[in-house]
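Report on the following structure.
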Amino acid sequence: SLYLNDDLSALDYVQLDYLRELQLERLKKIVRHAYTNVTLFRSRMDERGLTPDCIRTLGDLGKLPFTVKADLRDTYPFGLFAVPMSQVVRLHASSGTTGKPIVVGYTRQDLDIWMQVMKRALASCGLTHEDVIQVSYGYGLFTGGLGAHYGAEALGATVVPTSGGNTQRQIMLMRDFGTTAVCCTPSYFYYMVEQAAAVGIDMHKLPIRAGIFGAEPWTEEMRKRIEHDAGIKAYDIYGLSEIIGPGVAIECCCQKGMHIFEDHFYPEIINPETGEVLPDGEFGELVLTTLSKYAMPMIRYRTRDLTRIVAEPCECGRTIRRIERISSRSDDMFIIRGVNVFPSQIETALLSVEGTTANYNILLTTEHGLDNIEVDVEVTEELFSDKVRSMEGLQQRLTAAIEGVIGLRVRVKLVAPNTIQRSEGKARRVIDHRER
Ligand code: ADP
Ligand code: K
Ligand code: ZN
């Protein structure tokens, strides 16, 4: 059966010539599927005089046009779906810039593939059906919770679907159920460790031995700290809703880069300025093509995530290539507690409120191990010299406006006119003082 006794992980070790053949076969099929069923793909290929028959080698992929995040917004909600809604069995959504989220859909078979890659992902960091896996990613429209959940179940592990939040309860269940692995964002786990310590629980003394951490950028220093403070192995997992969700790539026990499940997600690295495809080993923007996802195929999707492909064989013996830890994104989006925030969202919100100027800074800090946003906003001269009460009213309106758009708690500080630094070129609105 798919669930327990098969060895899907064998695909991680396939002969490279077989893998390339499989990828090419799948690529041809998915390009034809996308061309036939998605107006955007067809019109862009037609414009360039391309047909699905132009794909004869894996290298021919480079001829195809890119897909970008704006394409998902512009076709909101279902414009990129390539099957009738009757075949779509699940929807997920992630945050977008204009209040409209990015929507993704899955067929039954797409969900099976997602489950398989998540199962392979968990197995690659040494988890088995003996493990008790606590899923503390949010369950819901966000892909993290359900993605990890089904993979862990397919592995045969005992799944504890706590979702995010209610940290003291998370810690109690972790102890009482004998949780051996946790899936969540690295920053949330860091907070859990702190909260555990605050109530006198030493994670070193609990059965927990692994963390599967992703959905936000984090550093090697953060890994070391988590591993030291909790006595676990902390593994980096990568994914994005547009491609499938978590389980696109993950570290093996060597913890030297993330193996990408390239039998399903074909990676390219491009120069983000020119779009030129770069050879393995060179640093640039990760571009992914889904080779086997049918509800919403993604052809050459520009992730805006910056990394490089590591083609050298890994000590673990897996033949599928690796990508390096995602060091940054190619645009100025920032992520707070696992939620994507764009400076433009904050600007739109604060400028919709009267009494402010367009001079503002977004200050990112760490307080008690959690990310915090402070928005410093200059107010007009008249208002600043006005009564305290109207200042308070303004601050509340601003806070509500910004929180309404980004869905996160924010501290708004009204500052005196002419105190925020002006820019002579590009404004640097985001000041990131977080401990990372
Ligand atoms: P949302 O857009 O709502 O945050 P996604 O899960 O689709 O939901 O976000 C995917 C993005 O999260 C990726 O494109 C990447 O920028 C970031 N991300 C996910 N995993 C990692 C990771 N392990 N390291 C760094 N960034 C990550
Ligand atoms: K079990
Ligand atoms: Zn490896």
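Counting starts at 1 for both ligands and their atoms, following the listed order. Keep in mind that what you see is a predicted model, and the values were worked out from it rather than measured.
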Please determine whether a side-chain nitrogen of the Lys or Arg among [X] and [Y] lies less than 4.0 Å from a carboxylate oxygen of the Asp or Glu.
{"X": "R90", "Y": "D110", "value": "no"}
{"X": "R223", "Y": "E251", "value": "yes"}
{"X": "E262", "Y": "R20", "value": "yes"}

What atoms in ligand 1 come closer than 4.0 Å to a heavy atom of L240?
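Selected atoms, number and element: 7 (O), 10 (C), 14 (O).
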
Just going by heavy-atom distances, which of D305, L306, T307 is nearest to atom 13 (C) of ligand 1?
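Nearest heavy atom to atom 13 (C) of ligand 1 lies in D305.
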
Heavy-atom proximity to atom 23 (N) of ligand 1, best of L286, I237, I326:
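Closest candidate by heavy-atom distance is I237.
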
I want to know if ligand 1 touches [X] in the polar sense, i.e. an N/O pair below 3.5 angstrom.
{"X": "W218", "value": "no"}
{"X": "T303", "value": "no"}
{"X": "A215", "value": "yes"}

The Zn ion (ligand 3) to nearest N/O/S of C254 below 2.8 Å:
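No, outside the cut-off.
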
Looking at the Zn ion (ligand 3), is one of the N, O or S atoms of C314 less than 2.8 Å from it?
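So C314 does bind the Zn ion (ligand 3) by this criterion.
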
With no hydrogens and no angle check, do the side chains of T365 and H433 hold a donor and an acceptor under 3.5 Å apart?
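Absent: no donor and acceptor within the cut-off.
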
Is R321 close enough and on-axis enough to Y266, meaning under 6.0 Å and within 45°, for cation-pi?
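Positive - R321 is close enough to the ring of Y266 and near enough to its axis.
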
With the Zn ion (ligand 3) at the centre, find the angle made by NE2 from H259 and SG from C252, to 10°.
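Rounded to 10°, it measures 110°.
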
Counting only heavy atoms closer than 4.0 Å, does ligand 1 sit against the backbone of E242, its side chain, both, or neither?
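The answer is the side chain.
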
Just heavy atoms, cut-off under 4.0 Å: does D236 contact ligand 1 by side chain, backbone, both, or neither?
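It is the side chain that gets close, since no backbone atom is under 4.0 Å.
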
Polar side-chain atom of R325 near backbone of D236 as donor-acceptor pair, under 3.5 Å
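Not at all, since once roles are kept as given, no pair shorter than 3.5 Å links the two residues.
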
Under a 3.5 Å distance rule, please check whether Y137 uses its side chain to pair with a backbone N or O of G214 as donor and acceptor.
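Side chain of Y137 to backbone of G214: a pair is present.
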
Do the non-hydrogen side-chain atoms of P65 and M45 ever get within less than 4.5 Å of each other?
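They are in contact (side-chain heavy atoms under 4.5 Å apart), so the answer is yes.
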
